[in-house]
Amino acid sequence: SIEVDLDPDMASFDRRNSTASSSSLPLLAVGRVRDTKIIASVPAEPVPEEADKHQRCKVMVDKILKKNSKLEPGDFKRLTWEDGCFCLKLDESRSMLYLVYSTSKDYPDKLARELLLEVEEKVQSLRVDDDIIADASIDYNLLPKMVKLVEDYQTSRYEAHFLQVEREASRPPIRVSSPPASQAMSGWFCLRRMFIICLAIFILGAGGYGIWYFALRDKSDKSVQGLLILMA
């Protein structure tokens, strides 16, 4: 069993809007690295059958926050835990850590990364300093956005992702057809013709050089010898 005390101080929010039904993403949280504090999480009040799991998830978030030194800025990580997994992202300034827990170990990395990036963008728009966000901004801007994102990423976006995967898997494979036999033969004859032409040019060049070497050069040597006799 986990024996870690979690700081109970969490951002307040209208619990009627943040209570979750049974879901594949039972926890989405934003943690501040400086004091390892969870500044925002949804749902604020889970359904009764998920209350124990939700509390243990928050304890794990607390432990992950305290071990943030093992993460590099901008890192995206997946950590298997119990029957699901945590996906987390540390921002570039090492001031905020974004985490989501999925009850499925197969929840796509692509969706988890996109979800955490959207939360990060919202947090960035509300920050008044590197790691300071006004409580009012959390209550009225950040938490409602997080609730909506959880709903989207466990329903419509999740379904759209797998529909796209299924469409891509059902596409017929692209077949590269081989050229017709006549075209292949035509290419072979062209190559043979080029070889014969190159060979003929080589033979003619070699023959011409032989004629010059054995005939013209001999005459040239005799002319030079005659000129030397006259000069003597």
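The aromatic rings of Phe86 and Trp81 lie tilted to each other, with the angle between the two planes from 30° to 60°.
Look at Glu72 and Arg94 and you find no salt bridge, because none of the NZ, NE, NH1 or NH2 atoms lies under 4.0 Å from a carboxylate O. Looking at Lys58 and Asp62, no side-chain N of the basic residue comes within less than 4.0 Å of a carboxylate O on the acidic one, giving no salt bridge. No salt bridge links Lys105 with Asp83; every basic N to acidic carboxylate O contact stays at or beyond 4.0 Å.
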Start with the C-alpha distance between Lys110 and His161, add both sets of side-chain angles, then the distance that settles side-chain contact (heavy atoms from CB on, under 4.5 Å), and finish with yes or no.
CA-CA 9 Å; Lys110 179 178 182 293; His161 172 80; 4.3 Å; yes
Step by step, work out the side-chain contact (heavy atoms from CB on, under 4.5 Å) result for Leu71 and Leu88.
CA-CA 10 Å; Leu71 298 172; Leu88 48 139; 3.4 Å; yes
Before you tell me yes or no, could you show the steps for Glu82 and Arg56 under side-chain contact (heavy atoms from CB on, under 4.5 Å), namely the whole-Å CA-CA distance, both residues' side-chain angles and the distance that decides it to 0.1 Å?
CA-CA 10 Å; Glu82 293 191 358; Arg56 287 185 290 116; 2.3 Å; yes
Are Leu99 and Leu28 close enough, and set up right, to give a side-chain contact (heavy atoms from CB on, under 4.5 Å), and what steps lead you there?
CA-CA 6 Å; Leu99 311 96; Leu28 174 63; over 6 Å; no
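The side-chain heavy atoms of Met96 and Ile39, taken from C-beta on, include a pair separated by under 4.5 Å. Counting only heavy atoms from C-beta outward, the side chains of Lys89 and Glu120 approach each other to under 4.5 Å. Side-chain contact between Pro26 and Thr103: present, with at least one pair of heavy atoms (C-beta onward) separated by less than 4.5 Å. For the pair Lys63 and Met60, the minimum side-chain heavy-atom distance is below 4.5 Å. Side chains of Leu27 and Val100 form no contact here, defined as non-hydrogen atoms less than 4.5 Å apart.
Atom CG of Leu25 sits about 11.5 Å away from atom CE of Met146, to the nearest 0.5 Å. We find the NZ-OH distance between Lys122 and Tyr98 to be 12.5 Å, quoted to the nearest 0.5 Å. In this structure, the separation between CG on Leu117 and CD on Gln124 is 11.0 Å, given to the nearest 0.5 Å. The line from CG of Asn68 to CG of Leu90 is 6.5 Å long, rounded to the nearest 0.5 Å. Note that CZ of Phe76 is 5.0 Å distant from CZ of Arg113, once rounded to the nearest 0.5 Å. For the atom pair Ile138 CD1 and Leu126 CG, the distance stands at 8.5 Å (nearest 0.5 Å).
Taking both residues in full, the closest heavy atoms of Cys85 and Tyr101 are given as O-CD1, 3.2 Å, listed atom of the first, atom of the second, then distance. Closest approach of Ile38 and Ala29 over heavy atoms only: CG2-CB, 4.4 Å. In terms of heavy atoms, Glu92 sits closest to Gly74 at OE2-CA, 3.6 Å.
More than 12 non-hydrogen atoms from other residues, nucleotides or ligands lie less than 6.0 angstrom from NZ of Lys53.
Using a 3.5 Å distance cut-off with no hydrogens or angles, the side chains of Ser104 and Ser102 do not pair a donor with an acceptor. A side-chain donor from one of Glu118 and Tyr153 sits under 3.5 Å from a side-chain acceptor of the other.
The main-chain N or O of Leu97 is never found under 3.5 Å from a side-chain atom of Arg32 such that the two would form a donor-acceptor pair. Of the possible polar contacts, one joining the His54 side chain to the Pro43 backbone as a donor-acceptor pair under 3.5 Å is found. A donor-acceptor pair is defined here as one N or O able to donate and one able to accept, closer than 3.5 Å; no such pair exists between the side chain of Thr36 and the backbone of Val33. Put simply, the side chain of Asp152 never gets that close to the backbone of Arg157: no donor and acceptor are under 3.5 Å apart.
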